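The model shown is predicted, which means the values in this text are computed figures rather than measured ones. Lettering of chains follows the sequences in order, A, B, ..., and the numbering in each one begins at 1.
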Protein chains: 2
Amino acid sequence: MPASLKDVAARAGVSVGTVSNVLNRPDRVAAPTRARVESAIHELGFVPNAPARNLRAQRAQVLGLVVPDISNPFFTDVARGVEDAALDAGYSVMLCNTDEQAAREDRYLTILESQRVSGIIITPARQTLRPLDRLLARGVAVTLLDSPRRGSEVCSVSVDHETGGRLAVGHVSSLGHRRIAWVAGPRDIPQVAAREDGVREYAREHGLTVTALPAESMSAAAGEEAVRRALAQGLDATALVCANDLIAVGAMRALRDSGLRVPGDMSVIGYDDIDFAASAAVPLTSVRQPRYELGRAAAELVVGECRDRSTHVHRHMDFQPTLVVRASTAPAPDRGTSTTASASTRPPVEEPR
Amino acid sequence: MPASLKDVAARAGVSVGTVSNVLNRPDRVAAPTRARVESAIHELGFVPNAPARNLRAQRAQVLGLVVPDISNPFFTDVARGVEDAALDAGYSVMLCNTDEQAAREDRYLTILESQRVSGIIITPARQTLRPLDRLLARGVAVTLLDSPRRGSEVCSVSVDHETGGRLAVGHVSSLGHRRIAWVAGPRDIPQVAAREDGVREYAREHGLTVTALPAESMSAAAGEEAVRRALAQGLDATALVCANDLIAVGAMRALRDSGLRVPGDMSVIGYDDIDFAASAAVPLTSVRQPRYELGRAAAELVVGECRDRSTHVHRHMDFQPTLVVRASTAPAPDRGTSTTASASTRPPVEEPR
DNA sequence: TAGGGTTGTTGAAACGATTCAATCACCCTA
DNA sequence: TAGGGTGATTGAATCGTTTCAACAACCCTA
């Protein structure tokens, strides 16, 4: 039923080769012929068969986007950037949500291999690039997303999380906080490890105390639970530096439920500057990452590599995070004094957008 | 370089047909042969070529997910549901973000047609199913997502938005509010129109006044702007019923900036119950939709139709929204009295999860 | 006018899987 | 032992493109 090249060729009275040329190298075809073919295409409603084209070409005009969790607003914005850039370049995007499960990631990588995708943008679920080897051997363009660069076999785009960590702790430090708690998900998430490195490094350089409050995952629920536990055990800190905004939101929930005030009793700073950071119970100070741009850049790198495999050199793009100061951070209370901070001690609120 | 069926066949000393049988009808192959083939597959690291299979099969094991805006948390959760169900059924998901632009939607539909996807889950950018006709004619399974059912040519899953609208306005009505403002994006978005119908219908039945505050889009910025404008012009209402949570969040920002208190001076209710509704400056009362389930159901319907085209009958699944009462709604202030409501007049806060 | 360039068009061979009629190798029974 | 039946395997056609060597038609120049 659906029209094929052959049907178009028959209708236009030319060979299939010519129709193919009209599609792919219009300049090689004489104007009158081209016109005839084009109207045949139009009349038959011909839409090229991508699988056939991909079979012949040995690769599909498709990119795989492999992320741990698309419902994390960070990846959501990245996905938009990837998708826009891909569409501009004539590629489609296959969405692969790993849930941070290695098995699911493996499964998806096999599917992408089977689909013969041209490129993959991935935030790997684990430290090793091992599962990607097979794809790389096949010549698939891979770009690591927000994941520490490893070797020079692939491109990568990332945010400088170490700087991000330093930025966060530096901010509360400049407000006079000396005892800091670092609330984070599992350290085997590379981005988290880098942020923590930045935090600890800065703390060491400036003589700050850092207590780690381990959270089960990077979710609000986990952040809430971690802080609740720490409070029950008598947490000694005046500022919570959180590994991401979800954790920070959870942390603030736990603080509120314990009757502690943010930022009066405890300053809280997040990471990611998700859309709702500005609208949280107390607008959240955070570290902003250029998410959409990150996604766009990743897709552009991959497409660039696909387009010109020979001259391509792998690049590492580092995006710098920026501090967004809102209301959840304030000068440290004097040790031993009242836990109620007056509103007038708050720093001015900056609300970009 | 990559191994093909032929390579596997050669290695195992059988014909390609047999290898194909091992893959697709293992029971047709004698055990020893099967073992030999399987180890050849393993040794060569053979991964089937999906384009070739799809070319032959005339359709790809792929579903298209066409949504207006993946960064809207509603669609994000739907996407997860779709993706999980698709993966379970052996399908991949192609992500298509239309930005509510008809042209972009058309472009994506053509791409999906070209890819020969088996099914499409779509929230159309406009009222008509016209752009889908071509796909339907081709036998592609289509399921409408959260969009009014039209005709019986396709399946659909949706939330009963009219009930949702009634639920929202019914809630504030039961708190004593008589003058309501309806804050909404463009009415040509069908879901919004349905919610509005529910609101107006209920208001008519109960003698409430409804003022419409048109917002440019379904975003926080638009909600903020709409309410800001209305306040400047002397809005006469005690409750804002918002077409979604993003708008509600924006509305609350505008109220806060104008020195109005929520819910003391103005009750606000949203729609969608996105993740952050519970953590907003004032925890937001909202209407919850079963988002993930909606996505799963949509994907299952599509897959069901793909699997058994002959006996398939189109179904419409209606999911019922539920009211989630939090702190942003309170009894209406007495007409003409102080604009400051005491905390004790608030209804008890219910925080499900 | 023969020969050499251009320019346009053709036809057939891939690409890698699926499918199905045909064949083969057995075993069982009459 | 011939013949029928069963189960396993094969081989070739097919899906719809792309690509490229070969060919055709034409003009230009020597």
Just checking [X]: base, sugar-phosphate only, or nothing, at a heavy-atom cut-off of under 4.0 Å?
| X | result |
| --- | --- |
| N24(B) | sugar-phosphate |
| R56(B) | base |
| S4(B) | sugar-phosphate |
| P48(B) | sugar-phosphate |

For a quick test of reading the model: is some side-chain N or O of [X] closer than 4.0 Å to OP1 or OP2 of [N]?
| X | N | answer |
| --- | --- | --- |
| S20(B) | dT18(C) | yes |
| T33(B) | dT9(D) | yes |
| Q58(B) | dT14(D) | no |
| R53(B) | dT18(C) | yes |

Proximity of H316(A) and H314(A) rings by center, below 6.0 Å: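 Distance test on ring centres: not under 6.0 Å, no.
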
Presence of salt bridge, R104(A) and D84(B), under 4.0 angstrom: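 Yes, D84(B) and R104(A) are salt-bridged.
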
Given atom [atom1] of [X] and atom [atom2] of [N], what is their separation to the nearest angstrom?
| X | N | atom1 | atom2 | value |
| --- | --- | --- | --- | --- |
| N21(B) | dA17(C) | CG | P | 14 Å |
| R59(A) | dT18(D) | CZ | C1' | 15 Å |
| K6(B) | dT18(C) | NZ | P | 15 Å |
| Q115(A) | dG16(C) | CD | P | 16 Å |
| N49(A) | dT14(D) | CG | P | 17 Å |
| R28(B) | dT6(D) | CZ | P | 15 Å |
| R25(A) | dT7(C) | CZ | P | 16 Å |
| R116(A) | dG16(C) | CZ | P | 8 Å |

I need the single residue from L301(A), V78(A), V66(A) that forms a side chain to side chain contact (heavy atoms under 4.5 Å, CB included) with L145(A). Which is it?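 Only one option passes, and that is V78(A).
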
If you take all heavy atoms of N24(A) and P26(A), which pair is closest and at what distance?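 Looking at all heavy atoms of both residues, the closest pair is C-CD, 3.6 Å.
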
Please find the pair of heavy atoms, one from V140(B) and one from S118(B), that lie closest to each other, and give the distance.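 Heavy atoms of V140(B) and S118(B) come nearest at CG1-O, 3.6 Å.
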
By nearest atom, which of the nucleotides [options] is closest to the [X] side chain?
| X | options | result |
| --- | --- | --- |
| A52(A) | dT9(D), dG16(D), dT18(D) | dG16(D) |
| T18(A) | dA12(D), dA17(C), dT9(C) | dT9(C) |
| L55(A) | dC15(C), dT18(D), dA8(D) | dC15(C) |
| L5(A) | dT10(D), dA12(D), dT17(D) | dT17(D) |

Ignoring hydrogens and geometry, is there a side-chain-to-backbone donor-acceptor pair from R59(A) to G119(A) under 3.5 Å?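 Side chain of R59(A) to backbone of G119(A), a donor-acceptor pair under 3.5 Å: no, none is there.
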
Starting at the 5' end of DNA chain D, which residue's closest nucleotide do you reach first, V29(B) or V16(A)?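 Looking at DNA chain D, the more 5' nearest nucleotide goes with V29(B).
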
